[in-house]
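Read the structure below first, then the notes.
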Amino acid sequence: MIVLETQNLTKKFGGLTAVNAVSMTINQGDIVGLIGPNGAGKTTFINAISGLNPPTSGMVKMFGKETTGLTPEKMCRLGLSRTFQIPSPFPKMTAIESVMTATIFGNPAGKITDPVAHSREMLEFVEFPMKETVVAEQLNTVQLKRLDLARALASNPRLLFMDELASGLSEGELKDIMRIIDKISKKGISILMIEHIMQLIMAVCNRLLCIQFGTKIAEGPTQEVANDPKVTKAYLGE
């Protein structure tokens, strides 16, 4: 089953083409790594898919339905959720209150009968290292990323975008994230992850998509794309 498909997806900002006619697919059960040099257009690409910055042209289909240009709220209700490269929580809310916002507003009315219990379950699932009553503004970057992931999962997505979830992690924390990603995948959630840490990419992704200057230069099985001379050149130069 094709979970997500883009056809010639393009995003322009004035005269700048940030994403240039990128076509790709994600199948049920995939963990796809979206890689490329800094400034390649990776976050812009997922923003265009998720509705945060609608595409200039091209098409997005999710679960067989065209979703081009739909708002993030509608995309969420259809089964897409995401984390952000820089988490922006409600600073005065506690951890569990932050997750409850996604539990309540990200699910159909009446689907979650106990929002507190569901939100607590999400914090436990991502192995949130602090008390649920901690205020968000007191958390460090790594803790905020765990909170952001719990919030993203609280809407019960079928497709999850993760934007540099592992940046800034220690070796031990990286292994923890690998384990959590495996748990997410085993729940039947397909994943598209932007990441620069190749150790993580090679360990968890079954497919890779590489873009450079907004243009797709490779897509396919992880080892095949990692060994592609065009990908090596994009990262290391001539």
Side-chain angles (χ1 to χ4, degrees), residues 29 31 43 46-47 50-52 71-197 199-200 203-205:
I31 304 178
T43 297
I46 67 171
N47 285 347
S50 63
L52 195 60
T71 64
E73 293 85 357
K74 290 181 179 179
M75 294 295 281
C76 179
R77 291 298 177 89
L78 289 172
L80 171 65
S81 192
R82 64 173 294 183
T83 69
F84 291 84
Q85 184 178 356
I86 302 175
S88 299
F90 299 104
K92 301 297 182 181
M93 281 188 178
T94 64
I96 195 161
E97 288 171 344
S98 295
V99 180
M100 280 179 64
T101 59
T103 298
I104 294 168
F105 295 107
N107 288 284
K111 181 177 181 179
I112 305 297
T113 56
D114 189 340
V116 176
H118 179 76
S119 300
R120 185 170 291 134
E121 181 184 341
M122 295 301 101
L123 286 170
E124 292 171 354
F125 183 86
V126 304
E127 301 170 20
F128 184 66
M130 307 290 283
K131 291 183 177 180
E132 65 182 37
T133 54
V134 67
V135 177
E137 65 181 2
Q138 298 173 355
L139 300 175
N140 63 31
T141 300
V142 173
Q143 294 160 352
L144 284 173
K145 284 179 179 281
R146 291 288 181 98
L147 179 59
D148 203 30
L149 182 58
R151 177 205 52 77
L153 293 171
S155 63
N156 290 308
R158 292 186 287 164
L159 173 62
L160 177 66
F161 290 171
M162 299 190 300
D163 195 345
E164 296 196 35
L165 185 67
S167 63
L169 298 186
S170 67
E171 186 71 23
E173 291 165 338
L174 196 60
K175 291 180 180 178
D176 291 341
I177 284 296
M178 289 180 187
R179 186 179 65 256
I180 292 169
I181 291 171
D182 182 61
K183 289 199 300 181
I184 294 170
S185 180
K186 285 178 178 176
K187 285 172 67 74
I189 301 171
S190 304
I191 299 170
L192 175 64
M193 54 189 297
I194 296 176
E195 196 51 72
H196 287 289
I197 301 175
Q199 178 186 350
L200 176 60
V204 304
C205 296

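Note that the coordinates shown come from a computational prediction; the quantities given were computed from them, not determined experimentally.
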How long is the span from the [atom1] atom in [X] to the [atom2] atom in [Y], to the nearest 0.5 Å?
| X | Y | atom1 | atom2 | answer |
| --- | --- | --- | --- | --- |
| M130 | N140 | CE | CG | 7.5 Å |
| I177 | L200 | CD1 | CG | 8.0 Å |
| L123 | L149 | CG | CG | 10.0 Å |
| R158 | I189 | CZ | CD1 | 11.0 Å |
| S155 | K111 | OG | NZ | 8.5 Å |

Partner residues of [X] under the side chain to side chain contact (heavy atoms under 4.5 Å, CB included) criterion, sequence neighbours left out:
| X | value |
| --- | --- |
| F125 | L153, K183, I184, K187 |
| E73 | T71 |
| E97 | M93, T94 |
| I86 | none |

Residues two or more places apart in sequence or in another chain: which of them pass side chain to side chain donor-acceptor pair (under 3.5 Å) with [X]?
| X | result |
| --- | --- |
| S167 | K145 |
| S81 | none |
| T101 | none |
| T83 | none |

Quick check: do [X] and [Y] have side-chain heavy atoms less than 4.5 Å from each other?
| X | Y | result |
| --- | --- | --- |
| F84 | D163 | no |
| M162 | I191 | yes |
| L174 | Q199 | yes |
| V134 | Q143 | no |
| L147 | S98 | yes |

Considering all heavy atoms of both residues, which atom of [X] and which atom of [Y] are nearest to each other, and what is their separation?
| X | Y | result |
| --- | --- | --- |
| V142 | G168 | CG2-O, 4.2 Å |
| L52 | P72 | N-CG, 3.9 Å |
| M193 | C205 | SD-SG, 3.7 Å |
| S119 | T103 | OG-OG1, 2.9 Å |
| A152 | R82 | CB-O, 3.5 Å |

V126 backbone acceptor or donor facing R146 side chain under 3.5 Å: yes

Given 3.5 Å as the limit, does a donor-acceptor pair link the side chain of H196 with the main chain of E164, or not? no

Does anything in residues 173-182 form a salt bridge (Lys or Arg N to Asp or Glu O under 4.0 Å)? List the pairs, not counting sequence neighbours. E127-R179, D176-R179, D182-K186

Tell me, which pairs form a salt bridge (Lys or Arg N to Asp or Glu O under 4.0 Å) where one or both residues lie in residues 115-124, sequence neighbours left out? R120-E132

Residues which pass salt bridge (Lys or Arg N to Asp or Glu O under 4.0 Å) with R151, listed by chain and number, not counting sequence neighbours: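 Applying salt bridge (Lys or Arg N to Asp or Glu O under 4.0 Å) to R151 gives D148.
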
Salt bridge (Lys or Arg N to Asp or Glu O under 4.0 Å) involving K92 - partner list, sequence neighbours excluded: E137

